[in-house]
Amino acid sequence: MSQDALSRILFPVFVVQRIGSRFMPPITESKMTVRTRLKHRPIELDEWGHVPAAPSNGAFVVFVGIVRDNQDGRKVAAIRYHAHIALAEKLLADIESTAAKNFGVEAMVAHAVGHLEVGEASLLVHVQGGHRGESFDACRWVVDTIKKSVPIWKEDFFVDGKRHFQVGVPIQPV
């Protein structure tokens, strides 16, 4: 992931309120669309840097989950996400639509499956809303709900050559 890509994604998190067309291109309607939510590769942040916003949306919040180099005090070399693809896609779409209904925002999710190296993006949650409060609340809810409701399992590969599946929780309804 390039530093330029990361800064383009993370900058709006700190400057949540849109100011004119400087951060988001002016358009007449939202362009958030249906697409594949599971990616069989790391999440490419460049793809998400300039998602257009509806003129009524004054907040743009992004969460990016990055593969870290440690887990429970052990050094991680890489991870692999496994998923029940069809069910995970359906539940991610349900989470997006529930966020829209409950928080009055638009949400988009991308989650990587397969092999990922330390430093690569594994999860991206993109939320747009009228104000920062509901946008931040929705973003946190989406991330937390993915963790407890979507059949995606993380397998750690440690530098000592051992591997381990993370202990999961029973899947809960969205």
Side-chain angles (χ1 to χ4, degrees), residues 1-39 42-68 70-71 79 81 83 88-113 116 119-152 154 166 168-169 171-174:
M1 153 182 39
S2 73
Q3 187 64 29
D4 183 49
L6 186 59
S7 66
R8 281 199 317 267
I9 289 297
L10 295 180
F11 184 69
V13 172
F14 300 108
V15 184
V16 176
Q17 297 292 357
R18 181 171 42 128
I19 302 171
S21 62
R22 206 160 113 202
F23 300 111
M24 302 295 289
I27 59 170
T28 57
E29 62 186 65
S30 176
K31 298 295 184 191
M32 296 177 84
T33 59
V34 175
R35 75 269 166 259
T36 303
R37 291 160 183 88
L38 293 178
K39 309 293 182 187
I43 305 303
E44 297 293 335
L45 300 181
D46 288 339
E47 296 173 16
W48 297 83
H50 300 288
V51 176
S56 60
N57 287 342
F60 171 59
V61 177
V62 176
F63 170 83
V64 180
I66 306 294
V67 177
R68 64 181 175 270
N70 64 85
Q71 180 66 39
I79 67 169
Y81 281 109
E89 282 281 352
K90 180 197 178 309
L91 290 172
L92 290 171
D94 289 350
I95 290 168
E96 290 174 348
S97 64
T98 301
K101 185 176 93 177
N102 292 350
F103 295 92
V105 299
E106 295 179 83
M108 292 172 55
V109 174
H111 199 301
V113 293
L116 298 171
E120 292 181 320
S122 59
L123 172 64
L124 185 133
V125 176
H126 174 282
V127 176
Q128 296 181 27
H131 301 280
R132 68 181 175 271
E134 65 264 19
S135 298
F136 274 114
D137 292 346
C139 189
R140 176 178 291 279
W141 179 85
V142 167
V143 172
D144 291 345
T145 304
I146 288 169
K147 294 279 189 183
K148 67 183 180 186
S149 301
V150 180
I152 298 174
K154 179 180 164 188
Q166 290 295 309
V169 297
I171 292 176
Q172 301 171 16
V174 174

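Just so you know, residue 1 is the first one in the sequence shown, and it goes up from there. All values below come from the heavy atoms of this structure, side chains included, with hydrogens, waters and symmetry mates left out. These numbers come from a predicted model, not from an experiment.
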Return the minimal non-hydrogen interatomic distance between [X] and [Y], and the atom names on each side.
| X | Y | value |
| --- | --- | --- |
| H111 | L123 | CD2-CD1, 3.7 Å |
| I79 | K154 | CG2-CE, 3.9 Å |
| V142 | A107 | CG2-CB, 4.4 Å |
| S122 | L116 | CB-CD1, 3.6 Å |
| A59 | S135 | CB-OG, 3.5 Å |
| G130 | N57 | N-OD1, 3.9 Å |

Euclidean distance, [Y] [atom2] relative to [X] [atom1], rounded to 0.5 Å:
| X | Y | atom1 | atom2 | value |
| --- | --- | --- | --- | --- |
| E106 | S97 | CD | OG | 12.5 Å |
| E44 | E120 | CD | CD | 8.5 Å |
| N102 | D137 | CG | CG | 11.5 Å |

#### Entry: With W141, the side chain to side chain contact (heavy atoms under 4.5 Å, CB included) member among I95, I146, V105
I95
### Task
Would you sort out whether T98 and T145 count as a side chain to side chain contact (heavy atoms under 4.5 Å, CB included), showing the intermediate values?
CA-CA 10 Å; T98 301; T145 304; over 6 Å; no
### Task
Might you work through the side chain to side chain contact (heavy atoms under 4.5 Å, CB included) test for L45 and L124, ending with a clear yes or no?
CA-CA 8 Å; L45 300 181; L124 185 133; 3.7 Å; yes
### Message
With a 3.5 Å distance limit and no angle check, can you tell me whether E89 reaches the backbone of R37 through a side-chain donor-acceptor pair?
### Response
yes
